[in-house]
Enquirer: 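Take this structure first; my questions come after.
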Amino acid sequence: MGRHGTIANRKSAQDSKRSAMFTKYSRQIIVAAKGGGDPEFNPSLRVAIDKAKSIGMPNDNINRAIKKGTGELGGESYEELQFEGYGPSGVAVIVEALTDNKNRTASFVRSVFDKNGGNLGTPGCVSYMFSRKGVIIIDSEGLDEDDVMMMALDAGAEDFAVNEDHFEITTDPSSFNDVHQAVKDAGYEIFEAEIEQIPSMEANVSDDSAVKALTKLITTLEDNDDVQKVYYNCDLDLE
């Protein structure tokens, strides 16, 4: 199925976790808005708002999060954290979090690793196996592959891939905002747009018990409000 699965499966997963995703995206907006509350002049905020709107977050929620970030409304102060470790079968795992309580989040993440056959490591222990890349996923229905590819490459994309029901555009983080804006200006439907950690080497997990333990480790982490993203270097269908 591939690292991103199909759009239909990912939409289903989003629908089932919509309330939790509202919380996660609200935090992203709050943090991004610290750099300015006008999305026209704050690309990070613009992307965060687009992501929130893609899952149906009400405008009132979005505006409230922006005001919390700019200080117009009182609110929590969130800190960005990254944890690294190994899951079952030596799978490399990176956990990105936004939290208002560093000790609570660190304790939770460590406990999840310990209970599911993993080991939380030191900073840098697995991140060397990943590269930060911008990833933009477009619904490919009715679109000409060559047209979309040329638009993306002309805008500064590094790579373009064709999948079952979507196109996947990869960019350097520094050109992500420019490519994202070009895709929007072209009128294509963006399903996801993120700066992600892309693995440079893949682990092989074939043992059923290891697959189950790894799946539980990742889903438990993802279900936590503090956790924004979980990256791992194996092809595992969680949808």
Side-chain angles (χ1 to χ4, degrees), residues 3-5 9-10 12-32 48 51-52 55 57 65 68-69 75-132 135 192 194-239:
R3 183 167 52 86
H4 283 99
N9 282 344
R10 292 184 69 81
S12 176
Q14 286 185 349
D15 289 342
S16 68
K17 300 179 179 180
R18 189 169 299 275
S19 178
M21 293 184 72
F22 280 4
T23 299
K24 294 178 187 291
Y25 284 178
S26 289
R27 293 187 182 189
Q28 290 183 24
I29 292 171
I30 290 170
V31 172
K51 287 159 57 178
I55 61 166
M57 182 183 290
K68 286 183 178 181
E76 305 85 354
S77 178
Y78 293 107
E79 181 177 2
E80 297 181 76
L81 301 176
Q82 178 169 298
F83 303 93
E84 302 179 31
Y86 291 93
S89 294
V91 172
V93 181
I94 295 178
V95 182
E96 294 181 347
L98 287 175
T99 180
D100 58 353
N101 187 319
K102 181 178 179 179
N103 291 335
R104 178 193 67 217
T105 305
S107 176
F108 168 78
V109 172
R110 183 175 299 279
S111 174
V112 174
F113 271 83
D114 289 344
K115 291 178 179 178
N116 294 283
N119 294 285
L120 191 61
T122 57
C125 69
V126 302
S127 57
Y128 71 93
M129 290 186 272
F130 295 78
S131 298
R132 289 185 66 81
V135 178
E192 286 188 5
E194 304 267 4
I195 301 291
E196 299 191 356
Q197 301 270 15
I198 307 299
S200 56
M201 56 184 74
E202 294 280 342
N204 181 34
V205 185
S206 55
D207 180 73
D208 286 345
S209 61
V211 170
K212 289 179 181 178
L214 181 61
T215 299
K216 185 176 180 181
L217 184 151
I218 293 168
T219 55
T220 302
L221 288 169
E222 289 182 334
D223 286 343
N224 184 267
D225 286 344
D226 294 344
V227 174
Q228 292 291 308
K229 296 285 290 187
V230 182
Y231 302 102
Y232 42 94
N233 69 335
C234 71
D235 190 6
L236 187 66
D237 181 15
L238 300 179
E239 309 301 340

Enquirer: Write down the atom of Ala48, the atom of Ile29, and the distance for their closest heavy-atom approach.
Expert: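 Reported closest heavy-atom pair: CB-CG1, 3.9 Å.
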
Enquirer: For Lys51, is there an ion pair with Glu194 - N to carboxylate O distance below 4.0 angstrom?
Expert: yes

Enquirer: Distance from Asn101 atom CG to Leu81 atom CG, nearest 0.5 Å?
Expert: 10.0 Å

Enquirer: To the nearest 0.5 Å, what is the distance between OG (Ser26) and CG (Asp225)?
Expert: 10.5 Å

Enquirer: With a 4.5 Å limit on heavy-atom distance, are the side chains of Tyr231 and Glu96 in contact?
Expert: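 Yes, side chains in contact.
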
Enquirer: Minimum heavy-atom separation for Tyr232 to Pro199, with atom names?
Expert: O-CG, 4.1 Å

Enquirer: Does the side chain of Thr220 come within less than 4.5 Å of Leu217's, by heavy atoms?
Expert: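 Leu217 vs Thr220: side chains apart.
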
Enquirer: Has Lys24 got a side-chain atom pairing as donor or acceptor with Glu222's backbone, closer than 3.5 angstrom?
Expert: yes

Enquirer: With rounding to the nearest 0.5 angstrom, report the CG to SG distance, Leu214 to Cys234.
Expert: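 The SG atom of Cys234 is 5.0 Å from CG of Leu214, to the nearest 0.5 Å.
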
Enquirer: Can you tell me how far CD1 of Ile218 sits from CG of Asp223, rounded to the nearest 0.5 angstrom?
Expert: 12.0 Å

Enquirer: Does Ser200 reach the main-chain N or O of Met129 with its side chain, forming a donor-acceptor pair under 3.5 Å?
Expert: yes

Enquirer: Is it true that a side-chain atom of Ser107 and a backbone atom of Asn103 form a donor plus acceptor pair closer than 3.5 Å?
Expert: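 Not a single qualifying donor-acceptor pair exists.
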
Enquirer: Please give me the minimum heavy-atom distance between Tyr78 and Val31, naming the atom from each residue.
Expert: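 Between these two residues, the closest heavy atoms are CB-CG2, 4.0 Å.
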
Enquirer: Check the side chains of Asp207 and Ser209 for a donor-acceptor pair under 3.5 angstrom, ignoring hydrogens and angles.
Expert: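 Yes, a side-chain donor-acceptor pair sits under 3.5 Å.
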
Enquirer: Could you check Asp226 against Arg27 for salt bridge (Lys or Arg N to Asp or Glu O under 4.0 Å), going step by step and ending with a plain yes or no?
Expert: CA-CA 9 Å; Asp226 294 344; Arg27 293 187 182 189; 2.8 Å; yes

Enquirer: Would you name the heavy atoms of Val205 and Ala210 that are closest together and state the gap between them?
Expert: CG1-CB, 3.9 Å

Enquirer: Do Arg132 side-chain atoms and Gln197 backbone N/O form a donor-acceptor pair below 3.5 Å?
Expert: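 It does not hold such a pair.
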
Enquirer: Which value, rounded to the nearest 0.5 Å, describes the distance between Glu196 atom CD and Phe130 atom CZ?
Expert: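 It is 11.5 Å, given to the nearest 0.5 Å.
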
Enquirer: Side chains of residues 84-94: which donor-acceptor partners sit under 3.5 Å, not counting sequence neighbours?
Expert:
residue, atom, partner, partner atom, Å
Glu84, OE1, Gly124, N, 3.0
Glu84, OE1, Cys125, N, 3.1
Glu84, OE1, Val126, N, 2.9
Glu84, OE1, Ser127, N, 2.9
Glu84, OE1, Ser127, OG, 3.4
Glu84, OE2, Gln82, NE2, 3.2
Glu84, OE2, Gly124, N, 3.0
Glu84, OE2, Ser127, OG, 3.3
Tyr86, OH, Cys125, O, 3.2

Enquirer: Would you say that Gln228 contacts Gln28 through its side chain, given a criterion of any heavy-atom pair below 4.5 Å between the two side chains?
Expert: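 A side-chain contact exists here, since the closest heavy-atom pair is under 4.5 Å.
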
Enquirer: If we only count heavy atoms from C-beta on, is the Glu192 to Val135 side-chain gap below 4.5 Å?
Expert: no

Enquirer: Test Val112 against every option in Asp114, Val109, Asn116 by the side-chain contact (heavy atoms from CB on, under 4.5 Å) rule and name the one that passes.
Expert: Asn116

Enquirer: Determine whether Asn119 and Phe113 make a side-chain contact, defined as any pair of heavy atoms from C-beta on separated by less than 4.5 Å.
Expert: no

Enquirer: Any side-chain heavy atom of Asn224 within less than 4.5 Å of one from Phe108?
Expert: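 Yes; the side chains approach each other to less than 4.5 Å.
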
Enquirer: Roughly how far, to the nearest 0.5 Å, is the CD atom of Glu79 from the OG1 atom of Thr105?
Expert: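 Between Thr105 OG1 and Glu79 CD, I get 9.0 Å after rounding to 0.5 Å.
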
